[in-house]
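To start, the structure under review is shown below, and the notes come after it.
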Amino acid sequence: MAKLRSVKGMNDLLPAEIGRWHRVERTFERMAERYGFAEVRTPILEPTELFVRSIGEVTDIVEKEMYTFEDKGGKSLTLRPEGTASCARAYLQHNVPNLEPVSKWYYLGPMYRRERPAKGRYRQFYQAGCEVYGDPGPHCDAEMIDMVVRFLEALGVRDVEVLINSLGSGDTRERYREALLAYLRPHAAKLSEDSQRRLERNPLRVLDSKAAQDQEIAADAPRLIDHLGEEDAAHFEELKATLDALGTPYQVDSSLVRGLDYYTRTLFEVRGRGGDLGAQNTLCGGGRYDGMIRDFGGPPVPAIGFAMGIERLLLSMEEAEGEAALDAFLVVQAPELRRDAVVLLRKLRDAGFRADADLRGKSMKSQFRRADKSGARWALVLGEQEKAAGEVRVKDLRGDFEGNVADGDELIAKLRG
Ligand code: ATP
Ligand code: MG
């Protein structure tokens with residue numbers, strides 16, 4: 001039989017690397033909660049239509065990257081390529097807009113896109129993201145951008161660049177679309193195949209293309225920011241002023257478009273420059289999508305959100321020293337004492353210690369080797385003598401202490417000290 005292997009571009013995370021993941025996830029959860037967000041968990045599988053309608057038919061994700069299949073009932077399902085659409089669906093399905101005026105949600109979990117795997121680009125990858133429903137901004141937009149920056153600082157990701165832009169809304173978009181089309185049409189023949197095909201239906205997509213010939217043409221395209229209506233412009237000015245007041249650094253990048261159809265007004269991206277990141281340097285992408293909830297058949301609730309790729313964060317982080325997985329490792333002098341060892345281990349675990357032992361009946365020497373390797377601070381020894389005296393021998397693997405301690409409160413106190 002051929003060797004069994006994981007799907008290409010989908011990675012296993014083994015215990016040796018999970019400590020860094022936990023650090024990122026826990027820091028994110030704490031930060032989001034500090035800013036008033038609460039967690040939501042939605043299914044990994046959704047009706048295909050959800051993503052086609054929200055992300056847009058003429059996008060890389062929907063055209064090329066989705067894992068779509070029919071289930072046994074003939075229904076088309078898709079592994080979620082991102083989190084925003086699922087959150088919006090859940091928000092409406094559970095009638096949340098009628099229950100509270102503003103909702104702040106965060107999520108964390110795997111996403112699926114059939115892309116060409118590279119460093120920082122996988123087919124299963126994890127995103128951490130936030131969504132705010134019901135606040136039209138721009139202060140809410142500034143808070144969100146600021147939170148991302150604080151989060152990256154807390155992780156020790158330095159040397160990041162925050163780019164912002166405004167895509168305007170309603171009329172602005174229509175007027176800009178016409179101006180852009182008028183500019184692009186004469187260049188049509190020189191555009192990439194994808195862009196030629198998308199030109200009439202979605203000219204904005206051309207600006208977000210990664211193809212070199214498209215980027216060259218896009219560089220001289222009219223800028224949306226010059227076409228902003230009065231209210232959109234005021235919104236953008238207040239966003240910038242609030243970021244200034246917070247001291248959050250940013251740069252306006254009028255060429256920032258991003259790959260999804262649903263964005264309006266505020267758009268932002270955080271790029272990393274440090275670490276091991278390489279070409280896939282976008283850590284975080286986000287923006288406002290004031291039309292989506294209404295397009296889904298709900299009330300006109302404005303919304304904004306972002307998503308960060310956890311693998312890319314890890315690539316851009318300084319290598320932090322891993323934390324030991326155990327507090328105490330119990331060495332058992334003789335196989336007959338293993339039942340007592342199991343009872344002692346449970347006492348330690350009930351007291352909150354991470355405790356373990358090698359219960360296969362190996363030699364003391366081999367058990368001590370495992371105690372050393374485990375990184376545990378304490379080695380505990382249970383022998384006949386100790387058992388008879390109701391004691392445990394305690395050895396501080398990072399200090400000098402070695403001696404017998406009464407099994408019970410005294411032992412717990414010693415290990416806490
Ligand atoms: P890119 O331009 O790199 O393809 P994107 O615009 O498709 O990114 P979004 O859909 O905005 O990305 O997703 C937000 C974040 O999720 C990205 O900034 C990135 O950190 C991460 N991400 C997206 N696709 C992948 C992937 N295939 N593998 C790993 N991380 C990813
Ligand atoms: Mg992409």
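Every number for a ligand or one of its atoms is a count from 1 in the order of the listing. Just so you know, these numbers use all the heavy atoms, side chains as well, and skip hydrogens, waters and symmetry mates.
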Heavy-atom closest pair (Arg271 atom, Asp253 atom, distance to 0.1 Å) is NH2-OD2, 4.4 Å
> So, for Phe268 and Tyr250, is the gap between ring centers shorter than 6.0 Å?
Replying inline: no
The single option from Thr242, Ile164, Leu246, Val270 that satisfies side-chain contact (heavy atoms from CB on, under 4.5 Å) with Ile145 is Ile164
N/O separation below 3.5 Å, Glu115 to ligand 1: yes
Here the atoms of ligand 1 under 4.0 Å from any heavy atom belonging to Gly309 are 15 (C), 16 (O), 20 (O), 21 (C)
Going by the 4.0 angstrom heavy-atom rule, the piece of Arg121 near ligand 1 is both
Near Lys210 (heavy-atom distance under 4.0 Å), the atoms of ligand 1 are 1 (P), 2 (O), 4 (O)
Distance col, row Met66:CE vs Thr48:OG1, nearest 0.5 angstrom, shows 6.0 Å
Counting heavy atoms under 4.0 Å, the part of Glu269 that contacts ligand 1 is neither
Ranking Leu315, Ile55, Thr282, Thr84 by closest non-hydrogen atom to atom 17 (C) of ligand 1, top hit is Thr282
Worksheet item: Would you say Phe69 and Leu45 make side-chain contact, with heavy atoms under 4.5 Å?
Response: yes
(request) Please report the C-alpha distance between Arg185 and Glu200 in whole Å, then the side-chain angles of each, then the deciding distance to 0.1 Å, and finally whether the salt bridge (charged side-chain N to carboxylate O under 4.0 Å, His left out) criterion is met. (result) CA-CA 9 Å; Arg185 273 195 196 113; Glu200 295 296 325; 3.0 Å; yes
Determine, for Phe368 and Lys395, whether the Lys NZ or Arg CZ falls below 6.0 Å from the six-membered ring centre while staying within 45 degrees of the axis. no
Ligand 1 to Arg113, heavy atom cutoff 4.0 Å, flagged ligand atoms 5 (P), 7 (O), 9 (P), 10 (O), 12 (O), 13 (O), 23 (C), 24 (N)
Any heavy atom of Arg123 under 4.0 Å from ligand 1? The part involved is neither
Does Glu82 reach ligand 1, in the sense of a heavy atom lying below 4.0 Å from it?
no
Between Tyr122 and ligand 1, does any nitrogen or oxygen pair lie at a separation below 3.5 Å? yes
Original post:
Taking the six-membered ring for Trp, is the centroid-to-centroid distance between Phe353 and Trp378 below 6.0 Å?
Top reply: no
Over 60° means perpendicular and under 30° means parallel, so tell me whether Tyr176 and His227 are parallel, tilted or perpendicular.
perpendicular
With nothing but distance in play, are any N or O atoms of Met308 less than 3.5 Å from an N or O of ligand 1? no
_Evaluate Leu283 for polar contact with ligand 1, using N/O atom pairs at a separation under 3.5 Å._
yes
- prompt: Can Gln127 be said to touch ligand 1, with heavy atoms closer than 4.0 Å?
  reply: yes
So the atoms of ligand 1 within less than 4.0 Å of a heavy atom of Ala307 turn out to be 14 (C), 15 (C)
